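Protein chains get the first letters and strands the later ones, always in sequence-line order, with residue 1 at the start of each. Note that the structure is a prediction, hence the values are computed from the model and not measured.
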Amino acid sequence: MLINCPHCGTRPVEEFTFNGDASVQRPVSTDMDAWFDYVYLRDNPKGRFDEYVQHSSGCRAWLVVTRDTQTHEVFGVVTARDYAKTRVKA
Amino acid sequence: MPDLFTRISALADLAIQGRFGADKGVPGVTLSLRTPSCIVTVIARKGKAKAVADALKAMRGAVVQWAGPDQYFVLEKPYDELSKKLSGIASCSDQSHGRIIIRIEGPKVRQVLAKGSPVDFHDSEFAIGKSALTQMAHVGVHVTRIGKDAFELSVFRGFSESFWEWLTEQAEEFGYQVV
Amino acid sequence: MTGFRLTAGGLIDRDTALNFTFDGKAFAGHQGDTLASALIANDVHLMGRSFKYHRPRGVISAGSSEPNALVEMREGGRKVANTRATMIELYDGLIARSQNRWPSLEFDVGAVNSLASAVFVAGFYYKTFMWPKSFWEKIYEPLIRRAAGLGVASKEPDPDKYEKAYAHCDLLVVGSGPAGLMAALTAARSGARVILADESSALGGSLLNENEEIGGMSGLEWAMATLAELSAMPNVTLMPRTTIFGWYDDNIFGAVERVNDHVLEPSPYEPRQRYWRIMAKRAVMATGAEERPIVFGGNDVPAVMTATAMRTYANRYGAAAGKSIVVFTNNSSGQRTARDMQAHGINVEAVIDARLKDDVIVNVKGGKRASAVELNGHRVIPCDAVAMSGGWSPIVNLMCHRGAKPIWNETIAGFLPPDVGPAFVAAGSAAGHMLLSECLADGARAGTMKGKVPAVPKCRDEAFAITPLWWVKQSTGKAFVDYQNDATAKDLPLAAREGYRDIELAKRYTTAGMATDQGKLGNVNAIAILADATGRTMDQVGTTTFRPYYTPVSFGAMAGPFVGHHFQPVRKTPLHDWAEELGAVFVETGLWMRSSWFPQQGEDWLAAASREVLATRSRVGLCDVSTLGKIDVQGADAAEFLNRLYCNTFSTLDVGKARYGLMLREDGIVFDDGTTSRLAADHFLMTTTTANAARVMSHMEFCHQAHWPELDVQYVSVTEQWAQMAIAGPKARATLQKIVDGMTLDDTTFPYLAAKNITVLGGMTARLFRISFSGEHAYELSVPADYGNMVARALMQAGEEFGIAPYGIEALSIMRVEKGHVAGGELNGTTTAGDLGLGKMMSTKKDYVGRMMAQREGMLDKDRQCVVGIRPHDAQDKIRSGTHILNKDDAPSMAADQGYISSVAWSPMLNMWLGLALLANGRARHGEVVKLFDGLRNIHSHGVICDPVHYDKENKKLHA
Amino acid sequence: MKYSVFSLLKNTLSGHKNWAPAWRDPQPKKDYDVIIIGGGGHGLATAYYLAKVHGITNVAVLEKSWLGSGNIGRNTTIIRSNYQLPGNNPFYEWSLKLWEGLEQDFNFNAMVSQRGVLNLCHTDPQRDAFARRGNAMHLDGVDAELLDAQAVRDMYPFLDFDNARFPIKGGILQRRGGTVRHDAVAWGYARGADLRGVDVIQNCEVTAIKTTGGKVVGVQTNKGFIGCKKLGLAAAGNSSEVAAMAGLKLPIESHVLQAFVSEGLKPYIDGVVTFGAGHFYVSQSDKGGLVFGGDIDGYNSYARRGNLPMVEHVIEAGVAMIPGLARVRVLRSWGGIMDMSMDGSPIIDKTSIDGLYLNAGWCYGGFKATPASGWCFAHTIAKNEPHKLNAAYRLDRFRRGYMIDEKGQGASPNLH
Ligand SMILES: Cc1cc2nc3c(=O)[nH]c(=O)nc-3n(C[C@H](O)[C@H](O)[C@H](O)COP(=O)(O)OP(=O)(O)OC[C@H]3O[C@@H](n4cnc5c(N)ncnc54)[C@H](O)[C@@H]3O)c2cc1C
Ligand SMILES: NC(=O)c1ccc[n+]([C@@H]2O[C@H](COP(=O)([O-])OP(=O)(O)OC[C@H]3O[C@@H](n4cnc5c(N)ncnc54)[C@H](O)[C@@H]3O)[C@@H](O)[C@H]2O)c1
Ligand SMILES: Cc1cc2nc3c(=O)[nH]c(=O)nc-3n(C[C@H](O)[C@H](O)[C@H](O)COP(=O)(O)O)c2cc1C
Ligand SMILES: [Zn+2]
């Protein structure tokens with residue numbers, strides 16, 4: 001699997017570490033249900049999936065990789081920074 | 001500012017001069033240690049990326065290497081001077097003793113690097129002056145191309161012995177020289 | 001011809017004589033031979049025994065699909081099992097032995113199995129060996145295990161080296177036959193970076209063994225000319241002896257280059273094999289087609305082989321499989337072999353072409369070497385070798401490695417590769433083209449990077465036609481589908497009758513296709529027979545799943561140089577040399593080597609560590625703590641960032657001060673701890689535990705970039721920049737004072753938890769912290785790494801008059817247990833701040849990672865196990881980590897479990913064993929006498945629960 | 001037809017023409033008392049025990065593909081009961097006890113082979129953790145032995161004792177642990193269930209779950225609608241997908257785990273050995289292949305195949321543990337989809353929906369659990385309440401803060 005790091009260019013998967021679903025968002029509220037959802041519940045989709053990935057053996061940037069969990073095809077990569085910003089807007 | 005105290009490189013005992021590995025005429029690669037007076041990590045503060053880039057471009061006598069998003073290794077400029085010059089726009093951290101820089105050059109340099117890193121160092125992909133962060137032999141490496149067939153490999157001090165052992169073993173089949 | 005070596009022809013150097021032994025018997029062959037061709041030239045066909053019935057077997061193929069001729073090669077640490085005699089290049093001094101036979105290949109006792117073969121049908125294991133119950137493990141299974149397997153593998157370390165490497169290209173061409181050569185040439189001429197790889201020892205593919213005509217020259221000459229042009233181009237890499245074993249995501253190919261398997265011993269500077277990860281923008285699968293056997297009686301008798309194999313031995317190796325042969329075919333390949341063999345002066349007794357008349361072979365006579373074939377209608381034709389061709393299977397493996405299934409094609413009676421997109425295309429016979437002209441044109445098409453497809457040289461075509469014949473049902477002898485695993489034509493209908501109808505179930509029940517050749521020859525025949533037995537078509541049955549490895553890959557290649565001591569890199573601290581001088585014993589801690597004790601004459605670790613503790617607590621000690629993670633945290637929002645990372649507050653920390661901090665995971669469990677100092681309003685220095693340094697860094701990067709990108713904060717690891725040493729004990733200050741520049745250390749200039757940039761030894765930059773893990777009056781001093789050893793030596797000198805002693809992490813952990821400080825044993829990923837007695841640190845005024853989840857009922861349950869001190873009830877007793885704790889009068893049971901001892905230490909101060917434990921509702925149980933259960937070591941005693949702080953409760957020494 | 005030496009000989013005489021099918025190939029009825037989704041080990045075992053122990057035989061097991069095509073058909077076959085937490089160990093020990101009598105019970109030789117499971121340790125803290133675990137096992141009456149380096153060397157002299165980066169300091173051994181012929185487990189349970197009247201229906205994919213008034217009434221499949229009073233989910237790697245059909249969101253992620261087998265060899269290693277300084281464990285199958293594996297690839301995946309980095313990672317560890325492996329060849333590698341839970345422990349429980357039961361979250365450890373999982377799930381379904389052995393495997397434990405986290409990795413499925 002190859003991931004195109006916005007900072008470093010295309011690198012193979014061995015340079016990255018994964019941290020699961022990026023679509024879940026850390027709640028600002030103190031609502032227990034929202035927090036439970038965030039920490040424990042996952043859609044775990046078969047198909048298109050936004051995933052946190054760190055270029056840990058490279059520039060160390062956290063990225064959000066949109067990938068098909070069945071074919072492993074990568075559709076796109078953005079930095080976690082930009083992902084967070086656009087999400088705030090949305 | 002010159003060092004008041006004598007620095008003992010972590011590779012002092014290993015990087016012994018001489019010719020090693022296969023004896024096929026010209027050595028495939030030549031290895032040497034580069035010990036800059038200073039290495040400083042410079043990270044731009046929020047919204048100051050461009051200001052920092054410009055300031056570094058303007059800075060005379062500094063060797064500036066890309067080291068991540070809005071982040072640089074600046075060589076040959078003391079930490080104190082840099083943090084003053086860049087105060088308010090960047091955060092500086094002294095790494096002068098934290099990293100070991102190995103220079104590797106010669107006709108087989110790319111074959112040797114290819115045994116460690118997935119980065120494509122082909123002329124068409126990796127211009128002179130370009131830096132990359134990658135891994136070789138389970139060790140994080142900062143690579144900079146400094147000439148046609150010449151590269152610098154910068155690793156954390158603590159890994160340098162292991163890394164040197166690995167690197168020289170990869171160079172054996174071509175024969176290598178340590179200077 | 002002399003013996004079975006043809007007098008002319010072949011790509012062998014008849015002037016070289018290479019000596020080798022097979023089963024101890026001496027033979028000679030030529031440069032260019034494989035072990036198989038050399039044996040055949042020496043009239044040796046019996047090369048192995050089959051898995052289940054121990055049937056005598058010889059070569060079926062001349063390539064990597066060989067199921068039968070597997071041999072054991074070399075000796076000692078270089079011994080390797082199951083090597084294909086058809087792939088190993090002959091070298092002088094080669095040693096090979098046959099496998100899976102006893103006492104000898106000629107006479108193999110195991111052959112009795114074939115008498116019982118009527119019982120040993122597919123799946124018989126599952127129906128028996130169940131009574132009496134105890135017999136399975138005592139008798140049946142050991143027998144089965146001894147019978148199973150083929151070769152014997154070495155258990156000695158391998159003296160050879162292995163390497164790994166990455167390669168990048170615009171076009172990877174897999175296979176160097178006409179299609180592959182044409183593809184490579186076309187792409188290379190257009191300037192693309194091309195890699196051409198072939199598993200064979202020489203490039204050229206089938207052109208090395210077929211009589212073809214291309215561009216007015218022989219196919220071989222054309223291949224050599226093309227290769228000459230390619231090898232002259234700087235943008236082309238030719239890789240013979242290189243098997244592409246798998247296709248992975250995003251066009252990454254795994255390959256193994258057999259750099260030195262064709263020599264007696266590699267040069268010390270070269271690897272035996274090199275494993276490649278090839279990243280190809282585009283790739284061409286020009287892997288050709290595999291010729292299938294026909295399933296008929298005795299189709300496994302030595303000297304029965306595929307038609308292509310027979311003519312390959314003759315054409316490429318100058319070795320005759322026999323002197324009078326019979327050909328059995330259902331397609332044009334058989335005619336080719338007959339013609340070529342005749343041209344070599346071999347008698348062709350008969351060509352039985354199933355397409356012409358309904359003659360078929362029902363049995364092959366001659367146990368260890370074919371002597372005659374028996375046709376339906378009992379006609380017997382004497383012969384000494386049989387060539388068979390059941391048709392062609394395009395080699396589609398690689399394209400199916402990512403899940404796509406091949407598609408059945410009636411006209412060629414084979415499965416064609418699936419369409420997997422433009423980045424990886426098939427060409428030539430691999431794509432189902434059986435005519436040379438098509439293969440060349442197809443190769444040119446596949447090799448065209450952009451623009452129009454160039455014209456290809458003219459060539460002579462062999463017509464191709466096939467009428468499927470899978471299984472000669474009238475067979476009188478055993479007819480094999482999977483040679484190596486002894487799966488016969490009868491096994492598949494049986495599997496179907498028993499309900500294992502799906503091809504995947506049939507595979508697992510009969511083991512057809514599961515041997516070392518992965519059914520390269522047999523699978524399509526198996527599919528056809530199963531289709532017939534279940535009234536389904538070929539595509540309804542379909543293939544089993546294609547998986548890596550195209551051919552088996554040695555562990556060594558995959559491990560590369562990362563074995564033995566080099567398995568993982570070693571990380572040394574800047575004080576390593578200093579510690580070594582003082583005779584330190586180093587211990588692996590993650591990748592670090594840490595000095596753990598400094599034994600003197602005749603001391604074991606406990607004596608040494610105890611002495612080090614006494615020295616430190618009574619005088620002064622020096623310890624290397626450089627491995628602690630150090631992270632520079634700067635920026636306008638640095639304080640706010642730390643507030644969110646730690647459960648306690650850092651914005652209130654004064655400049656020049658240090659504070660102990662506790663980090664939680666988002667699930668409310670404790671993650672890491674350490675002291676963090678404020679060097680300036682916008683500059684903190686964080687320390688982490690050695691174990692978590694990397695994870696904490698990555699956690700910070702995640703929190704900042706994913707959660708709080710708005711924060712103006714920068715951080716970088718400076719762990720390696722600083723040599724850090726703890727100076728602890730009543731004389732720590734006095735010792736330190738002697739090297740510190742221009743400052744008198746006292747409680748006003750440098751109070752407890754002070755943290756400052758200073759200089760030492762007359763101008764050396766340094767950082768000094770007044771913190772203590774040992775509980776003593778202590779400091780931690782950081783100096784630039786390259787000066788570390790020198791400063792440590794200077795401190796040893798300065799402390800000499802006070803009787804300074806170096807101490808290691810063993811002494812350190814004794815002292816932290818004495819003081820009840822939690823560490824790894826307690827920070828085990830399941831404890832809360834409350835469990836550790838640090839609940840009060842959790843701020844109620846701010847948001848921080850882990851705050852919410854820490855409030856769940858289960859996290860606050862009073863019966864949670866929390867940290868307590870523990871001591872033996874009888875002060876003489878020893879206590880051990882991992883011992884469980886029960887109520888004094890409870891009988892052992894999981895339900896009665898109250899907790900366990902997490903850390904222990906022999907305390908030289910209190911002269912007894914002390915520990916920390918995690919105990920249910922522990923804080924309420926100080927003073928309670930408990931039962932200590934150590935069933936593992938069968939030690940049972942009693943302990944007393946107490947406050948975790950065993951020594952100097954009032955912290956007098958800290959401030960002394 | 002009962003399998004025995006005699007039936008084997010009898011059928012040999014008749015050229016094996018008269019073997020009865022191991023299971024029928026039934027068409028689905030229009031409704032069942034219980035439907036189990038998933039014809040893997042757990043689903044089939046559940047049906048088997050529903051029929052055998054609870055007398056509930058109007059049961060269908062719906063399998064979307066061929067029988068045992070899931071993880072039961074692709075796991076590395078290790079069985080053991082060396083867990084340390086109270087919620088886990090009694091359950092896994094019961095499973096091991098069921099394994100010990102399984103073949104006679106369902107009259108199918110699954111080659112249950114207790115040749116021992118040895119976990120190596122390379123540091124003192126590791127040894128302490130093993131001591132804690134071993135003593136927990138002893139508390140539960142389970143066999144465990146703490147070995148020092150010499151004792152390990154006596155068992156397996158060919159491990160790397162002399163040149164290792166991380167020297168072997170000892171290990172923990174469970175002699176009753178071992179391996180089982182994985183496919184045969186699926187086949188044995190399927191045949192046993194079929195003989196007791198259960199419909200095992202292959203190539204039948206559930207595409208929707210129908211509920212009315214908060215109660216399950218049946219499932220939509222590619223073979224049409226099938227009604228049921230109770231519905232058990234045992235879909236392992238596909239649990240999230242199937243649960244979503246009932247509107248449930250699970251504390252589970254799906255990850256790919258690779259496994260490997262070497263070329264067939266004469267006896268090389270007798271028991272199961274697990275490396276403690278990297279991800280590698282190995283045993284030898286009765287066919288002679290070295291069956292081994294390591295860690296999950298790390299990224300969420302529903303593809304039954306992995307990538308090269310984990311292959312290298314595993315094999316590097318393999319040679320570090322057994323230098324002699326360098327010249328052994330890997331024959332084949334594959335992958336399976338793990339239902340990785342948020343605390344590394346499984347869920348066997350009722351759900352918020354009446355008549356809907358959940359069996360999931362097995363991570364890479366559910367093969368050894370197969371008998372007990374079937375046993376407990378059958379009980380939970382039949383009695384509409386958990387058996388005491390699966391009482392801790394509640395779905396709401398995460399919300400309430402009672403995780404069962406053997407490794408202490410927290411809510412990061414790919415770290416368990
Ligand atoms: C490589 C690997 C190695 C492993 N090693 C071990 C080990 O050594 N020891 C151990 O204890 N465990 C091991 N495991 C874990 C173990 O295999 C699994 O936890 C266990 O098999 C899961 O239970 P199961 O058998 O019921 O799952 P499965 O066999 O996967 O059964 C689930 C079934 O549900 C079916 N299904 C899914 N969705 C639907 C639908 N919509 N409709 C109908 N059917 C559906 C699937 O097709 C599948 O057949 C390993 C797993 C893997 C992949
Ligand atoms: N007349 C017949 O019966 C008949 C049938 C089929 C093919 N043919 C002829 O055979 C020729 C086929 O040409 P082609 O170029 O398609 O195939 P080829 O057989 O000439 O070359 C294929 C090459 O690929 C190599 N290879 C296969 N898998 C590999 C792997 N995984 N890694 C590395 N190398 C691998 C093989 O070693 C072989 O050298 C044509 O001339 C065709 O006419 C004739
Ligand atoms: C314990 C075990 C042993 C195996 N032994 C072999 C073997 O000897 N030969 C073989 O070809 N495959 C073997 N396999 C792998 C299977 O062929 C198959 O790849 C695996 O069950 C996954 O199925 P799939 O590849 O069809 O997806 C084995 C699998 C397991 C779980
Ligand atoms: Zn990057």
Visitor: Please report the C-alpha distance between D:F292 and C:F555 in whole Å, then the side-chain angles of each, then the deciding distance to 0.1 Å, and finally whether the ring pair (Phe, Tyr, Trp, His ring centres under 6.0 Å) criterion is met.
Guide: CA-CA 12 Å; D:F292 62 99; C:F555 275 67; 5.0 Å; yes
Visitor: Side chains of D:R329 and C:T83: do they bring a donor and an acceptor to under 3.5 Å?
Guide: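 Yes, a side-chain donor-acceptor pair sits under 3.5 Å.
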Visitor: Strictly by modelled atom types, are C:D861 and D:Y402 linked by a side-chain donor-acceptor pair under 3.5 Å?
Guide: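 Yes, D:Y402 and C:D861 have a side-chain donor paired with an acceptor closer than 3.5 Å.
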Visitor: Are side-chain N/O atoms of D:E263 and C:T516 paired as donor and acceptor at under 3.5 Å?
Guide: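 Judged by distance alone, the side chains do not pair up.
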Visitor: Checking ring pair (Phe, Tyr, Trp, His ring centres under 6.0 Å) between C:Y509 and each of D:W66, D:W19, D:W187, which is the one that passes?
Guide: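 Answer to the ring pair (Phe, Tyr, Trp, His ring centres under 6.0 Å) test with C:Y509 among D:W66, D:W19, D:W187: D:W187.
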Visitor: So does D:K287 get a backbone contact from the side chain of C:R145, meaning a donor-acceptor N/O pair under 3.5 Å?
Guide: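 Not at all, since once roles are kept as given, no pair shorter than 3.5 Å links the two residues.
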Visitor: Can you tell me if D:R181 and C:Y125 form a side-chain donor-acceptor pair at under 3.5 Å?
Guide: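 C:Y125 and D:R181 do not have a side-chain donor-acceptor pair below 3.5 Å.
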Visitor: Of the backbone (N, CA, C, O) and the side chain (C-beta and beyond), which part of D:L85 lies under 4.5 Å from a heavy atom of chain C, both, or neither?
Guide: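 The backbone, not the side chain.
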Visitor: Do D:Q84 and C:Y900 pair up side chain to side chain, a donor and an acceptor below 3.5 Å, judged on atom types alone?
Guide: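 There is no such pair between these side chains.
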Visitor: Could I get the full list of ring pair (Phe, Tyr, Trp, His ring centres under 6.0 Å) partners for D:F398, not counting sequence neighbours?
Guide: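 D:F398 satisfies ring pair (Phe, Tyr, Trp, His ring centres under 6.0 Å) with A:Y40 only.
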Visitor: Do C:N100 and D:K266 make a side-chain contact, defined as non-hydrogen atoms from C-beta onward lying under 4.5 Å apart?
Guide: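 The answer is yes; the side chains approach within 4.5 Å.
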Visitor: Between C:I252 and D:L308, is the side-chain contact (heavy atoms from CB on, under 4.5 Å) condition met? List the steps.
Guide: CA-CA 9 Å; C:I252 295 176; D:L308 283 169; 4.2 Å; yes
Visitor: Whether D:R165 engages the ring of C:F567 as a cation-pi pair (distance to the six-membered ring centre under 6.0 angstrom, angle to the ring normal within 45°) should be assessed.
Guide: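 Pair D:R165/C:F567 does not count as cation-pi.
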Visitor: Tell me which of these, D:N18, D:V112, D:D160, D:D162, has more heavy-atom pairs under 4.5 Å with chain C than the rest.
Guide: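 With the most close heavy-atom pairs to chain C, the winner is D:V112.
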Visitor: Any carboxylate oxygen within less than 4.0 angstrom of a Lys/Arg side-chain nitrogen, looking at C:E137 and D:R115?
Guide: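 A salt bridge is absent here (no side-chain N lies under 4.0 Å from a carboxylate O).
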Visitor: Mark yes or no for whether C:N828, through its side chain, and D:G408, through its backbone, hold a donor-acceptor pair below 3.5 Å.
Guide: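 Here the side-chain-to-backbone pair does not exist.
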Visitor: With no hydrogens and no angle check, is any side-chain donor or acceptor of D:D140 less than 3.5 Å from a backbone partner on C:M894?
Guide: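 Absent.
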Visitor: Kindly indicate whether a cation-pi arrangement holds for C:K127 with D:F108, taking the cut-offs as under 6.0 Å to the six-membered ring centre and within 45° of the axis.
Guide: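 No, a cation-pi geometry is absent between C:K127 and D:F108.
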Visitor: Can you tell me which residue pairs pass the salt bridge (Lys or Arg N to Asp or Glu O under 4.0 Å) test with a partner in residues 315-327 of chain D, sequence neighbours excluded?
Guide: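 Salt bridge (Lys or Arg N to Asp or Glu O under 4.0 Å) check on residues 315-327 of chain D returns C:D158-D:R327, C:D160-D:R327, C:K164-D:E316.
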Visitor: Does a salt bridge link D:D128 with C:R880, judged by any charged N lying under 4.0 Å from a carboxylate O?
Guide: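 The answer is no: the pair does not qualify as a salt bridge.
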Visitor: Please determine whether side-chain contact (heavy atoms from CB on, under 4.5 Å) holds for the pair C:N82 and D:L265, giving the CA-CA distance in whole Å, both sets of side-chain angles, and the decisive distance to 0.1 Å.
Guide: CA-CA 8 Å; C:N82 303 338; D:L265 300 169; 4.0 Å; yes
Visitor: Could you tell me whether the side chain of C:P548 reaches within less than 4.5 Å of the side chain of D:R332, counting heavy atoms only?
Guide: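 Sidechains of C:P548 and D:R332: no contact.
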